[in-house]
There are 2 protein chains.
Amino acid sequence: MSTNPLLKGTLQTIILKLLEDNAEMYGYEITQKVKEVTAGEIMLTEGALYPALHKLEADGFLETFTQVVDNRVRKYYRLTEEGGKEVTSKLDEARSFIDQLQALLNLKPAIK
Amino acid sequence: MSTNPLLKGTLQTIILKLLEDNAEMYGYEITQKVKEVTAGEIMLTEGALYPALHKLEADGFLETFTQVVDNRVRKYYRLTEEGGKEVTSKLDEARSFIDQLQALLNLKPAIK
DNA sequence: GGGTATACATAATTTTGTTATGTATATAAA
DNA sequence: TTTATATACATAACAAAATTATGTATACCC
C-alpha cells in the first residue's frame, strides 16, 4: 500500500468520521472502505493505520472488542462518547483547513 | 507562530503557488501573505518555512537573489522554469487530495 | 532601555508517516 | 501440493516534515 504525503495529519480524522458513519469497523475494513470511496487514490498503509487506531483507543476516543470470523480474529472499533465529540471537533478543523487551503491555492474563485 | 497539524505536506505547494502569483517574494513576506489570506488561521513557523525554501531551491524549483532594504537583508525567491511546471503538478495533486478528503469526510454532499 | 516588528537561520525534538517484516488463516489457481 | 492472493493483525527500523527553541541583527516606538 502506498500513500499520499498530503495524508499527514488527516488520518485520525478519516478514521473517526468513518466510525461515526458506521458504528463498528475493523482495521482491514477501514482500509477497504477508504480505497473504495476514493477509487483507489488513497490507500492506507497498515504501518500508519494500526498505530493510529491504537493511539485513538489510548486517548479514549475508541473502544474495541474482538470477534472471530472464519477462524480469523477481527478487532472491531467503535466511538466512545468522548470520541463522538472529537469527531465534530476534528471535522470542524478539517473543514476550516480545507477552506483556507483552497483560498491560498486559488482553488476556489474569489467573489468578484 | 503556531500551526495546524493538517498543514503537513502542503507547505511546498503553498509556497510554489504564492510564487506563481507574485513572481518575487521573500520569506517573511510569505508568512505575512499566508496570515493575511487565511485571516490569521494559518501561521507559518520559521522553522518550517526556511528549510522548505532551501529545499525547493536545492531541488531546482526556486532561485534566489538578495536585496538590502533599511539595512536588513532580504532573500528573494522566484520560480525557475522547472519550478513553474512543479506548481501545476503540485496543484493537481492538492486538488485531487482535497476532493478525496471531502468525499471521505462527507464534506461534499453526494449527488442523489 | 525595553518591547514589537522585520528578517534570516539552524539545532533539537516530536509527530506521523513509509517500508519492511512477521504471524496466521482461507481460497483459488497451477 | 505448493504457490499466489486476500484477509487480518502487529511492530520495528527508518524517513520526512513539522514544532519548539534558540541565535543573530536592524528598525522603530514609547
Side-chain angles (χ1 to χ4, degrees), chain A residues 1-16 24-36 40 42-59 61-62 64-77 90 93-94 97 100-101, chain B residues 1-16 24-36 40 42-59 61-62 64-77 90 93-94 97 100-101:
Chain A
M1 300 191 193
S2 77
T3 355
N4 194 307
L6 295 175
L7 185 65
K8 294 205 177 209
T10 60
L11 180 53
Q12 287 196 14
T13 309
I14 291 168
I15 292 170
L16 289 168
E24 284 165 9
M25 294 184 90
Y26 56 98
Y28 186 76
E29 189 184 7
I30 292 174
T31 66
Q32 297 311 299
K33 186 72 181 173
V34 167
K35 189 177 168 184
E36 179 203 321
I42 297 183
M43 312 271 280
L44 302 187
T45 59
E46 293 153 293
L49 176 68
Y50 291 114
L53 286 170
H54 301 162
K55 186 170 190 309
L56 288 169
E57 189 186 1
D59 288 344
F61 299 133
L62 301 182
T64 65
F65 62 98
T66 55
Q67 199 170 301
V68 177
V69 178
D70 282 336
N71 278 315
R72 275 190 300 254
V73 177
R74 285 180 185 170
K75 191 165 167 188
Y76 279 90
Y77 290 85
K90 289 268 193 193
E93 255 182 65
F97 178 70
Q100 304 305 341
L101 189 58
Chain B
M1 299 191 194
S2 76
T3 356
N4 194 307
L6 295 174
L7 186 65
K8 299 200 175 214
T10 61
L11 180 53
Q12 287 198 14
T13 309
I14 291 169
I15 293 170
L16 290 169
E24 282 166 10
M25 294 184 90
Y26 55 98
Y28 186 76
E29 189 184 6
I30 292 174
T31 66
Q32 298 310 299
K33 187 72 181 173
V34 168
K35 189 178 168 181
E36 179 202 321
I42 297 181
M43 313 272 279
L44 302 187
T45 60
E46 292 152 294
L49 177 68
Y50 292 113
L53 286 169
H54 300 162
K55 185 172 191 307
L56 288 168
E57 188 185 3
D59 288 345
F61 299 133
L62 302 182
T64 66
F65 62 97
T66 56
Q67 197 170 303
V68 177
V69 178
D70 281 337
N71 277 315
R72 276 192 300 256
V73 177
R74 286 181 185 169
K75 191 165 166 186
Y76 280 90
Y77 291 84
K90 289 267 193 195
E93 254 180 66
F97 179 70
Q100 304 304 341
L101 190 57

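Below, chain A is the first sequence line, B the second, and so on; all start at residue 1.
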Walking DNA chain C from its 5' end, the first of Gly47(A) and Tyr26(B) to be reached, judged by nearest nucleotide, is Tyr26(B)
d(Gln32(B) CD, Glu29(B) CD) to nearest 0.5 Å is 9.5 Å
Give, for atom OG1 of Thr31(B) and atom OH of Tyr50(B), the distance between the pair rounded to the nearest 0.5 Å.
6.5 Å
What is the distance, rounded to the nearest whole Å, between atom [atom1] of [X] and atom [atom2] of [N]?
X	N	atom1	atom2	value
Tyr77(B)	dA7(C)	OH	P	14 Å
Glu46(A)	dA13(D)	CD	C1'	16 Å
Lys35(A)	dA8(D)	NZ	C1'	15 Å
Leu44(B)	dA9(C)	CG	C1'	16 Å
Lys75(A)	dA24(C)	NZ	P	18 Å
Lys33(A)	dA8(D)	NZ	C1'	19 Å
Met25(A)	dC9(D)	CE	P	11 Å
Arg74(A)	dA26(C)	CZ	P	13 Å

Phe97(A) vs Thr10(B) side-chain heavy atoms within contact, under 4.5 Å:
yes
Any Leu44(A) side-chain heavy atom under 4.5 Å of Ile42(A) side chain:
yes
side-chain contact (heavy atoms from CB on, under 4.5 Å) evaluation trace for Leu101(B) with Ile14(A):
CA-CA 8 Å; Leu101(B) 190 57; Ile14(A) 291 168; 4.0 Å; yes
Among residues at least two apart in sequence or on other chains, which ones pass ring-ring contact (aromatic ring centres under 6.0 Å, His included) with Phe65(B)?
Tyr76(B)
Neighbours of DNA chain D within residues 51-58 of chain B, by heavy-atom distance under 4.0 Å:
none
N/O contacts under 3.5 Å, protein versus nucleotides 27-30 of chain D?
| residue | atom | partner | partner atom | Å |
| --- | --- | --- | --- | --- |
| dA27(D) | OP1 | Asp70(B) | O | 3.2 |
| dA27(D) | OP1 | Asn71(B) | ND2 | 2.5 |
| dA27(D) | O4' | Arg72(B) | NH1 | 2.9 |

Any residue meeting side-chain contact (heavy atoms from CB on, under 4.5 Å) with Gln12(B), in chain and number order, not counting sequence neighbours
Lys55(B), Leu56(B), Lys90(B)
Does a side-chain N or O of Tyr50(A) approach OP1 or OP2 of dA10(D) to a distance below 4.0 Å, or not?
no
For Gln67(A), the side-chain hydrogen bond (donor to acceptor under 3.5 Å, both in side chains) test, sequence neighbours excluded, returns none
Test of understanding: with side-chain hydrogen bond (donor to acceptor under 3.5 Å, both in side chains), list the residues that count as partners of Glu57(A), not counting sequence neighbours.
Thr64(A)
